[in-house]
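Note sheet for the following structure.
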Amino acid sequence: MLAGMADEPAPHIAVTSPPPDDAAIVVQDLVKTYPKGPRALDGLSFSVHTGTIFGLLGPNGAGKSTAIKILTTLSRPDSGSAFVAGFDVLKQPQNVRLSIGCVSQKSGVDMESTGRENLALQGRLYGLKGSALTSRIEELLERFHLTASADRVARTFSGGMQRKLDVAMGLIHRPKVLFLDEPTTGLDPEARAELWTEIGRLAEEGLTILLTTHYLEEADRLAERLAIIDRGRLVAEGSPDRLKSELRGDSITIDLFEAASEQSIKAAAARAIQITEVRLDGLQVHARAAHGASALPALLAALEAEGVKAASVKLARPSLDDVYLRHTGRTFEEAEKGSA
Amino acid sequence: MNTLTHTWFMMERLIRHLIRQPIYIGLTLFQPLIWLLLYGQLFKRVVELPGFGANSYITFLTPGIVCMSALFSSGWTGMGIIRDLQTGVIDRFLVSPASRFAIIGGRLANLAVTIIVQSTILVTLGFLLGARFPGGLLSVLVLMLCAVLLAMPFGSLSLAMALAVRKEESVIGAVNFILLPLTFLSPVFMSPGLMPSWINRVASLNPVNWSVSAARAALMGNTDWAMIGFRIASLAAFGVFGAWLATRSFRAYQRSI
């Protein structure tokens, strides 16, 4: 679908089982329709490499949560297949369950139990016991800065603390793949930033993370690769940078010391071959280039050669907002409102 | 193996909840005590009616209140699972390797423990109020068995309904609409000998009646074990039906996710 992806290890061509070794998650052509509901997934395919953070980005109702439910064995697709940690979610659900940790939108923390009790129950269900369980609980409490409140009932926790406990519960059995469904929804900016740091650290430790979000900023900041989904279909996939560079490119704004002729600007842009678009607006030159940073020196040199002097330069990367707009024909905000 | 240990873990969690809510414990224990005291006084003299067939109303009433309390406790079983559904606790269990049966079984085990504690307190209070049971300690154990066996199917039905409708109001409505009439269409308060014949006919199909009459017969030192055994077997069969329905309802919930 995207010309720019031809040189990539094409992840969503139909793969027949078993899945490739380096993929922690392989999703093939998932379709799911809820009774009396719209089609939640309409042929979704993507794959996630081991040890990376993969973001599923889309507005509410795009099918992100449905995809997560299928991958975590909670729900079954009408058709299609999926593999997690090498196991078929439909045929080997118990193996999948042992390999994954899951933090869903609807928390899952037992509010009437303490932090420690929540972790202990979760650990026991995965077969942990005795001192191995106790030390794992202490380790996670420490890691998420919950030690001081560990013996308080979770109902008394702040939203950020509950969410951290949630993530800790998902990690108790050292899963290979972690699912985070809208992990920072409803958190204040401070708690969100803290959780982002923690998620980044987990990925550094080799965990594969599938993250869904409807925050463009979050996807941009955390995910190494992204799949944009809209109405149950994948509309674009790639690294955030790649997706953004597939747009018309970065925008370059140059403020000039003195007025210059349109002609000299056009000539300079022609000489700096990477420039795709140029326009003079008073004392400002607006240009576009696929890779702004590499095109800029050539453009400045060419302007210099034409006798045009630059006072200041501004380079801006396109945002995921632009990416979303291009692939779905509506802005992210519109899509969010439409689904609400 | 996993099923049993996981059921234990689930039950532990629920008992912990209960212990942390002294008000709730107070209410569940207090209300039956009130019934025992209140009805015990109110209907004290009905034993004087010819054909009632008992000398002491408190002796007659105690097993009735034990079974009635077990019935109502079982009715409320579904309430807790609705909250677990809303907070995502159930889904969290479902993505883990937790035994599916344990999610339902833990609640029923918790119900059984609650009823055993409740019955012990009620029997003790009944004894203090003058109830005497010629059947002895063994018959008190039969009473507890009857109470637990009555609670299991109704607890399962409550869970089945909760999983299907997922609204607390509906469970509250059903408990009041169904359980109260079932109580009055049974010999909890009144001797079968004095009940209208149509109520006796309905009662013969009523599990509350099976439970109360088996327990009462055992407590009175009645040695008709065949009758007692048949009633207990009927309760167990109804329990299997309830468990089947709850399992189906749980599967339907899983399909709806």
Side-chain angles (χ1 to χ4, degrees), chain A residues 32 34-37 40 65-66 68-76 78 84 89 92-114 117-118 120-129 153-155 162 165-166 169-170 172-173 175 177-179 181, chain B residues 1-25 76 79-107 109-110 114 163-164 166 168 250-257:
Chain A
K32 170 91 182 174
Y34 286 105
K36 286 181 245 161
S65 290
T66 306
I68 295 260
K69 281 175 188 164
I70 291 170
L71 291 174
T72 55
T73 76
L74 211 47
S75 179
R76 294 171 71 89
D78 301 340
V84 175
V89 295
Q92 302 159 288
Q94 202 68 355
N95 298 65
V96 172
R97 287 174 193 138
L98 284 164
S99 319
I100 63 169
C102 189
V103 179
S104 76
Q105 247 179 94
K106 277 200 294 184
S107 177
V109 169
D110 174 9
M111 294 299 167
E112 305 303 328
S113 294
T114 68
E117 287 163 352
N118 266 294
L121 175 58
Q122 192 71 12
R124 287 196 185 112
L125 293 176
Y126 285 89
L128 292 173
K129 53 190 162 198
V153 175
R155 187 166 22 87
Q162 277 172 9
L165 176 59
D166 235 329
M169 284 166 74
I172 189 107
H173 55 296
V177 181
L178 182 66
F179 291 90
D181 194 6
Chain B
M1 186 55 210
N2 256 1
T3 305
L4 279 183
T5 51
H6 286 187
T7 303
W8 178 264
F9 296 152
M10 300 291 181
M11 183 190 80
E12 229 178 13
R13 176 177 85 97
L14 298 170
I15 290 179
R16 209 161 53 209
H17 286 182
L18 210 61
I19 293 170
R20 292 222 173 107
Q21 290 174 301
I23 293 175
Y24 185 73
I25 298 192
W76 302 123
M79 300 289 278
I81 210 165
I82 292 178
R83 197 152 68 157
D84 277 353
L85 287 170
Q86 286 162 351
T87 53
V89 169
I90 297 291
D91 287 356
R92 174 143 231 155
F93 289 147
L94 288 175
V95 299
S96 84
S99 148
R100 275 39 191 161
F101 172 81
I103 298 173
I104 298 283
R107 293 213 165 258
N110 174 56
T114 310
L163 286 163
R166 293 171 221 167
E168 282 159 337
F250 193 45
R251 293 232 176 91
Y253 165 73
Q254 284 176 265
R255 276 195 301 275
S256 76
I257 304 175

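We use all heavy atoms of the structure for the numbers below, so side chains are in, but hydrogens, waters and symmetry mates are not. If you're wondering where the values come from, they're calculated on a predicted model, not measured in any experiment. Chain A is the first sequence line, chain B the second, and so forth, proteins listed ahead of strands; every chain is numbered from 1.
The parts of A/Thr114 that come within reach of chain B are both its backbone and its side chain, each placing non-hydrogen atoms under 4.5 angstrom from that chain. Residue B/Leu14 does not touch chain A at all, counting heavy-atom pairs closer than 4.5 Å. No part of A/Val96 comes within reach of chain B, as not one of its non-hydrogen atoms sits under 4.5 angstrom from that chain. With a 4.5 Å cut-off on non-hydrogen atoms, A/Ser104 does not touch chain B at all. Neither the backbone nor the side chain of A/Asn118 has a heavy atom closer than 4.5 Å to any heavy atom of chain B.
Atom CG of B/Asp84 sits about 11.0 Å away from atom CE of A/Met111, to the nearest 0.5 Å. Atom CG of B/Leu94 sits about 7.5 Å away from atom OG1 of A/Thr73, to the nearest 0.5 Å. Interatomic distance, B/Arg83 CZ to A/Asp110 CG, rounded to the nearest 0.5 Å: 8.5 Å. Taking OG of B/Ser96 as the reference point, atom CZ of A/Arg124 lies at 14.0 Å (rounded to 0.5 Å). Note that the NE2 atom of B/His6 and the CG atom of A/Leu121 stand 9.0 Å from one another [nearest 0.5 Å]. Distance CZ/B/Phe9 to CD/A/Gln122: 12.0 Å, rounded to 0.5 Å.
Note on B/Arg255, B/Arg13, B/Gln254, B/Glu12: by heavy-atom pairs under 4.5 Å with chain A, the leading option is B/Arg13. The residue among A/Ser113, A/Gly127, A/Ala120 with the most heavy atom pairs within less than 4.5 Å of chain B is A/Ser113. Between chain B and the residues A/Gly170, A/Ser75, A/Gly108, the most heavy-atom pairs under 4.5 angstrom are made by A/Gly108. Of the listed residues (A/Leu98, A/Thr66, A/Leu125), the one with the most heavy-atom contacts under 4.5 Å to chain B is A/Leu125.
A salt bridge is defined here as a Lys NZ or Arg NE, NH1 or NH2 lying under 4.0 Å from an Asp or Glu carboxylate O, and A/Glu112 with B/Arg20 fails to meet this definition.
Annotation for A/Lys69 and B/Ile257: closest pair CD-CG2, 3.6 Å, computed over non-hydrogen atoms. Between A/Tyr34 and B/Ser256, the shortest heavy-atom distance links the atoms CE2-O, 3.9 Å.
Although no hydrogens or angles enter the test, the distance criterion places no donor-acceptor pair under 3.5 Å between the side chain of A/Lys106 and the main chain of B/Asp91. Distance alone, capped at 3.5 Å, is enough to place a donor-acceptor pair between the B/Arg92 side chain and the A/Cys102 backbone.
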